[in-house]
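Okay, so here's the structure we're looking at.
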Amino acid sequence: MTDFFRSKVHYKELIATFDDVLIQPGYTNFEPTNVDMSSQLGSYKFNLPIISAAMDTVTEELMAIKMALLGGLGVLHRNCSFERQLEMVRIVKRARSFVIDDVATIFPDEPVIKAKYMMENYNISGIVVVNEENKVCGIFTKRDIPFSEDDIKKGKVKSFMTKEVISIEPGASREKALEILFGSRKEKLPIIDKTGYLKGLITKKDLAPEFPLASMDSEGHLICALALSPKFPESTHSQELLKEIENYVDIFFIDVADFYKTSDINGTKKLMDFLDSDFVLGNIGTYEAAEHLITKGDFDEDKFIGIKVGMGSGSICTTSIQTGVGAPTLFATAQVADALADYNTKISLVADGGFKNPGDLPKAFTAGADLIMSGHFFAGSTESPGYVDTIQGRKVKIYRGMGSKEARTAGYVSDRYTEGSKMLPEGVSDYVPFVGDLDGVLLSLKEGLLNSMIYAGAKSITEMKKAKIGIISFSGQKESKPHNLLSRY
Ligand code: XMP
């Protein structure tokens with residue numbers, strides 16, 4: 001840095017971004033298979049520390065489901081009505097589960113033939129037997145069907161059912177369920193509460209990890225996240241809808257370009273009092289903003305699980321050009337990470353936007369991020385909303401900033417930017433190349449991160465935060481890209 005800059009701002013306030021830095025190589029005493037890239041957002045563990053952005057050309061239900069199945073998270077956008085948001089969160093939450101809520105039951109005095117009929121027609125291998133009070137008193141499986149035709153026609157369920165029901169309590173983990181199922185060699189495990197009522201059913205088949213890295217809650221439903229305006233809804237109807245939405249949402253992401261504002265902070269506090277789910281607040285870009293949220297925000301500590309950072313660095317953003325204000329994601333991450341460490345909080349840090357290459361992800365982790373969020377990487381995938389178009393023989397999809405004129409016409413995101421300023425777009429809309437299925441996109445990001453962690457000598461994201469980072473000179477930047485070849489200068 002020149003003295004000119006030093007006289008105005010100290011070194012840390014050099015507003016550096018991904019291309020300005022490199023991670024220094026470290027000593028590696030482990031194998032690639034020992035690398036653990038999982039990370040925490042509050043109490044939620046993600047096997048892949050990657051989130052798809054809350055944008056209407058990036059994350060609707062299809063993207064959110066696929067991101068969660070592959071170990072990350074998709075934040076459903078807010079450029080739509082509460083009715084549409086309710087529809088999306090319902091679909092995501094109900095997409096997967098190892099707990100069957102709608103369990104087939106039968107009374108003990110009913111005939112065996114009815115149980116047999118139900119099993120054949122519902123394609124199930126067992127039925128829970130409940131008494132008149134609806135309390136569990138047995139289980140009747142295909143193995144309990146008697147041999148004699150006479151018993152099948154005239155016998156009662158109670159004479160052949162298994163009375164000793166091996167069960168599990170509501171809320172028990174997948175691991176606990178697997179332990180009981182394998183220990184008892186059973187196929188089905190009724191969930192019974194302390195008073196004897198049936199609360200669901202777990203089957204061995206549904207516990208099989210088709211997506212072993214999936215981000216799931218304790219019942220095997222996918223973790224569901226939704227973007228929200230910081231404004232408390234005025235109408236009772238909207239408040240009622242929001243309460244219903246909450247039933248399906250684990251984490252709300254307060255979604256504005258600049259959260260360091262009294263009005264947004266106050267609105268969010270009201271929302272946090274009204275809703276029981278967890279909250280990630282953002283975006284902010286500086287140490288001071290983080291310090292303010294931690295020390296003066298007066299947010300419910302248990303619900304305030306994350307801060308999202310980065311301003312004006314997104315590939316579709318024009319905030320910095322239009323306003324001259326911004327906090328590139330790497331700078332914002334380093335600043336906010338310092339504040340979180342200084343105040344010794346448990347709050348997680350999400351670095352949002354500006355990622356161009358897989359190598360930018362590890363730089364964000366080294367600067368202090370717990371998870372990263374991107375729209376750019378995912379907008380061109382099969383799972384993003386919108387159609388695949390063709391321009392000059394190339395397949396493309398539309399990607400638009402939430403502050404673009406096109407996105408604002410939907411009418412829901414004007415409060416994401418400076419309120420009242422409806423004319424000045426702070427984002428653009430453009431085509432991005434179609435990149436195929438999300439699996440492939442995530443695989444290259446994962447491999448970039450894995451190889452980076454090996455070069456840096458970091459086995460985990462926590463160790464990655466201890467890796468050294470340095471500013472790269474202009475010549476160094478040129479040298480770290482392909483150079484001196486016929487087609488590249
Ligand atoms: P990438 O680089 O992944 O960035 O395209 C996505 C992030 O950019 C933010 N975002 C915007 N910022 N004007 C802005 O200044 C916009 O129109 C806009 N739309 C999205 C957002 O934080 C997103 O996650």
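Atoms within a ligand are numbered from 1 in the order they appear, just like the ligands themselves.
Using a cut-off of 4.0 Å between Lys/Arg side-chain N and Asp/Glu carboxylate O, Glu219 and Lys199 are scored as not salt-bridged. Salt bridge annotation for Lys231-Asp415: absent, with no cationic side-chain nitrogen under 4.0 angstrom from a carboxylate oxygen. Classification of Asp278 and Lys303 as a salt-bridged pair fails, no side-chain N sitting under 4.0 Å from a carboxylate O.
Each of the atoms 1 (P), 2 (O), 4 (O), 5 (O) of ligand 1 lies under 4.0 Å from some heavy atom of Ser315. For ligand 1, the atoms closer than 4.0 angstrom to any heavy atom of Glu426 are 13 (N), 14 (C), 15 (O), 16 (C), 17 (O). Counting atoms of ligand 1 from 1 in the listed order, those under 4.0 Å from a heavy atom of Ser374 are 3 (O). Ligand-side atoms of ligand 1 in range of Gly314: 1 (P), 2 (O), 4 (O), 8 (O), range being under 4.0 angstrom from any heavy atom.
Considering only non-hydrogen protein atoms, atom 17 (O) of ligand 1 sits nearest to Gly403 N, 2.6 Å. At the top of the distance list for atom 20 (C) of ligand 1, counting protein heavy atoms only, stands Met55 CE, 3.4 Å. Scanning all protein heavy atoms for the shortest distance to atom 23 (C) of ligand 1 gives Asp352 OD1, 3.5 Å. For atom 19 (N) of ligand 1, the nearest protein heavy atom (residue, atom name, distance) is Met402 N, 2.8 Å. The single protein non-hydrogen atom nearest to atom 6 (C) of ligand 1 is Tyr399 OH, 3.7 Å, given as residue, atom name and distance. Given atom 21 (C) of ligand 1, the protein heavy atom at minimum distance is Arg416 NH2, 3.4 Å. Counting only heavy atoms of the protein, atom 15 (O) of ligand 1 lies nearest to Thr319 OG1, 2.5 Å. Protein heavy atom nearest atom 9 (C) of ligand 1, with residue, atom name and distance: Cys317 SG, 3.9 Å.
Listed by chain and residue number, Met63, Lys66, Met67, Leu70, Phe378, Ser381, Glu383, Leu442 satisfy the side-chain contact (heavy atoms from CB on, under 4.5 Å) test with Leu438 (two or more places apart in sequence, or in another chain). Applying the side-chain contact (heavy atoms from CB on, under 4.5 Å) test to Ser218 and every residue at least two apart in sequence or in another chain returns nothing.
Among the atoms of Thr318, none of the N or O lies under 3.5 angstrom from an N or O of ligand 1. Checked against a 3.5 angstrom limit, the closest N/O atoms of Gly354 and ligand 1 fall inside it. When only interatomic distances are considered, the shortest N/O to N/O separation between Met373 and ligand 1 does not fall below 3.5 Å. For Ala53, no nitrogen or oxygen atom sits less than 3.5 Å from a nitrogen or oxygen atom of ligand 1, counting backbone and side chain alike.
Taking the six-membered ring for Trp and the full ring otherwise, His292 and Tyr260 have centroids separated by under 6.0 Å.
In this structure, the side chain of Ser444 engages the main chain of Val441 through a donor-acceptor pair within 3.5 Å.
Cation-pi contact between Lys243 and Phe274: present, with separation from the ring centre below 6.0 Å and deviation from the ring axis of at most 45°. Judged by the 6.0 Å and 45° rule, Lys270 forms a cation-pi pair with Phe232.
Across all their heavy atoms, Val58 and Pro385 have their closest contact at O-CD, 3.3 Å.
For the 3.5 Å distance criterion, the side chains of Asn283 and Lys308 qualify, holding a donor opposite an acceptor.
Contact annotation: for Tyr417 versus ligand 1, heavy atoms closer than 4.0 Å belong to the side chain alone.
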